[in-house]
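As the structure is a prediction and not an experimental result, all values here were calculated from the model. Worth knowing before you read on, the calculation uses all heavy atoms, side chains too, and leaves out hydrogens, waters and symmetry mates.
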Amino acid sequence: MIIREYKPQDINRMIQIWNEVVESGIAFPQEDLLTKETGVAFFSSQTYCAVAVEETNQEVVGLYILHPNNIGRCGHICNASYAVFSQKLGRHIGEQLVLDCLEQAKKHGFKILQFNAVVESNIHARHLYERLGFIPLGIIPNGFRTKDGYYENICPYYHEL
């Protein structure tokens, strides 16, 4: 697996993978799907975007976005989101994306990587984050509305860079 900065030719696949997560309604806060136009604008507006590419066939199978979590006096804190193509889950692609993101965040001058809204039932992500040294900050009750209208707790995390 190769983790690299995204290229314009990756955009269609990135949109497909991103939209798959949005459509599931169980992890990302977004409700609107990306189009080619909005996807280009969305990914290009991030501080950094990377893709996970299979070495054998050059297929993009995952991605992350990295951007400031806030502005001004809190601008040293960044945020990230990760998406892995559902047919490739369980192959530790997410772990490789998170590790690369930690390096890129530091390279871009951030001091802390914070996740605002990890859904409590996303146990695979939560275990990964904790194994990689992220610190849980507690629970926000009913902070995430799933696609079916059910409310779930969210668990913020942070990692000092």
Side-chain angles (χ1 to χ4, degrees), residues 1-71 75 77-110 113-129 132 134 143-152 154-157 159:
M1 193 67 52
I2 299 167
I3 310 297
R4 62 162 170 78
E5 187 170 11
Y6 88 102
K7 299 175 183 176
Q9 62 264 31
D10 301 325
I11 290 286
N12 288 338
R13 182 68 169 155
M14 292 169 69
I15 290 169
Q16 179 188 9
I17 294 169
W18 185 269
N19 284 346
E20 183 182 42
V21 177
V22 171
E23 282 180 323
S24 75
I26 60 172
F28 284 177
Q30 292 86 353
E31 295 179 294
D32 297 329
L33 299 179
L34 296 175
T35 64
K36 174 73 174 184
E37 186 176 278
T38 62
V40 168
F42 177 71
F43 292 119
S44 67
S45 71
Q46 306 301 318
T47 301
Y48 187 83
C49 293
V51 291
V53 180
E54 289 189 329
E55 291 183 67
T56 54
N57 60 11
Q58 298 303 299
E59 178 186 13
V60 173
V61 296
L63 65 102
Y64 72 82
I65 62 171
L66 174 67
H67 52 88
N69 193 51
N70 213 317
I71 60 169
I77 301 173
C78 61
N79 185 276
S81 298
Y82 309 91
V84 175
F85 182 49
S86 63
Q87 293 180 9
K88 303 294 180 173
L89 292 172
R91 296 178 48 200
H92 303 283
I93 297 166
E95 180 174 1
Q96 293 176 63
L97 290 167
V98 174
L99 289 170
D100 188 78
C101 182
L102 287 167
E103 289 179 29
Q104 288 297 330
K106 193 171 187 174
K107 284 181 185 176
H108 283 84
F110 294 109
L113 173 55
Q114 178 178 316
F115 301 144
N116 301 324
V118 180
V119 179
E120 187 174 42
S121 64
N122 192 351
I123 57 169
H124 296 295
R126 294 179 59 216
H127 288 157
L128 170 62
Y129 300 151
L132 295 179
F134 283 81
F144 184 86
R145 181 178 41 82
T146 64
K147 187 176 183 176
D148 64 4
Y150 174 75
Y151 286 87
E152 274 202 60
I154 54 175
C155 307
Y157 284 85
H159 191 294

Enquirer: Going by ring pair (Phe, Tyr, Trp, His ring centres under 6.0 Å), W18 matches just one of Y82, F42, Y64. Which one?
Expert: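 Only match with W18 under ring pair (Phe, Tyr, Trp, His ring centres under 6.0 Å): F42.
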
Enquirer: Please name the pair of heavy atoms, one in F28 and one in A83, separated by the smallest distance, quoted to 0.1 Å.
Expert: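 What the structure gives for the nearest pair is CZ-CB, 4.1 Å.
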
Enquirer: Could you state the interatomic distance from CG (N69) to CG (N116), rounded to the nearest 0.5 Å?
Expert: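 It is 4.0 Å, given to the nearest 0.5 Å.
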
Enquirer: Just wondering, do F43 and D10 contact through their side chains at under 4.5 Å, heavy atoms?
Expert: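 Not in contact.
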
Enquirer: Nearest 0.5 Å please: distance from the CD atom of Q104 over to the CG atom of L113.
Expert: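 Atom-to-atom, Q104:CD and L113:CG are 12.0 Å apart.
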
Enquirer: For H67 and F110, which heavy atoms make the closest approach, and how far apart are they?
Expert: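 Here H67 and F110 meet closest at C-CZ, 4.3 Å.
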
Enquirer: Atom OG1 in T47, atom CG in L66: separation rounded to 0.5 Å?
Expert: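 Between T47 OG1 and L66 CG, I get 5.5 Å after rounding to 0.5 Å.
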
Enquirer: Is there a side-chain contact between M1 and K88 (heavy atoms, below 4.5 Å)?
Expert: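 Not in contact.
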
Enquirer: Start with the C-alpha gap between R91 and E54, add the side-chain angles, then the distance that decides, and say whether side-chain contact (heavy atoms from CB on, under 4.5 Å) holds.
Expert: CA-CA 11 Å; R91 296 178 48 200; E54 289 189 329; 2.7 Å; yes

Enquirer: Drop me the distance from I2's CD1 to Q96's CD, to the nearest 0.5 angstrom.
Expert: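 Those atoms lie 10.5 Å apart.
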
Enquirer: Nearest 0.5 Å, please: how far is OH in Y48 from SG in C101?
Expert: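 The distance works out to 9.5 Å.
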
Enquirer: Evaluate whether atom CD of Q9 has more than 12 neighbouring non-hydrogen atoms of other residues, nucleotides or ligands under 6.0 angstrom away.
Expert: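 Correct, the count exceeds 12.
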
Enquirer: Identify the heavy atoms of V21 and A27 that sit nearest to each other, and give their distance.
Expert: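 Taking every non-hydrogen atom into account, CG1-CB, 4.1 Å.
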
Enquirer: CG/N19 to CG/D32 distance, rounded to the nearest 0.5 angstrom?
Expert: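 Result: 10.0 Å between the selected atoms.
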
Enquirer: Flag this pair as yes if the NZ/CZ of R13 is under 6.0 angstrom from the six-membered ring centre of Y6 and inside a 45 degree cone about the axis; otherwise no.
Expert: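 R13 over Y6 ring: no.
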
Enquirer: So which atom in T35 and which in I15 form the shortest heavy-atom distance, rounded to 0.1 Å?
Expert: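 Heavy atoms of T35 and I15 come nearest at O-CD1, 3.4 Å.
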
Enquirer: To check you understand the geometry: which heavy-atom pair defines the closest contact between A50 and D100, and what is its length?
Expert: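 That closest heavy-atom pairing would be CB-OD2, 4.1 Å.
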
Enquirer: Which heavy atom in N79 sits nearest to a heavy atom in Q114, and how many Å separate them?
Expert: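 Looks like ND2-O, 2.9 Å.
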
Enquirer: Taking the side chain as every heavy atom from C-beta outward, state whether E31 and R145 have any pair of such atoms under 4.5 Å apart.
Expert: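 SC-SC contact between E31 and R145 confirmed.
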
Enquirer: Do the side chain of H108 and the main chain of C78 share a donor and acceptor less than 3.5 angstrom apart?
Expert: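 Checked: no pair found.
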
Enquirer: Measuring only between side-chain heavy atoms, which start at C-beta, is R126 closer than 4.5 Å to C155?
Expert: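 Yes, close enough: below the 4.5 Å cut-off.
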
Enquirer: Could you tell me whether the side chain of I26 reaches within less than 4.5 Å of the side chain of K147, counting heavy atoms only?
Expert: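 In short, these two side chains do not touch, never coming nearer than 4.5 Å.
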
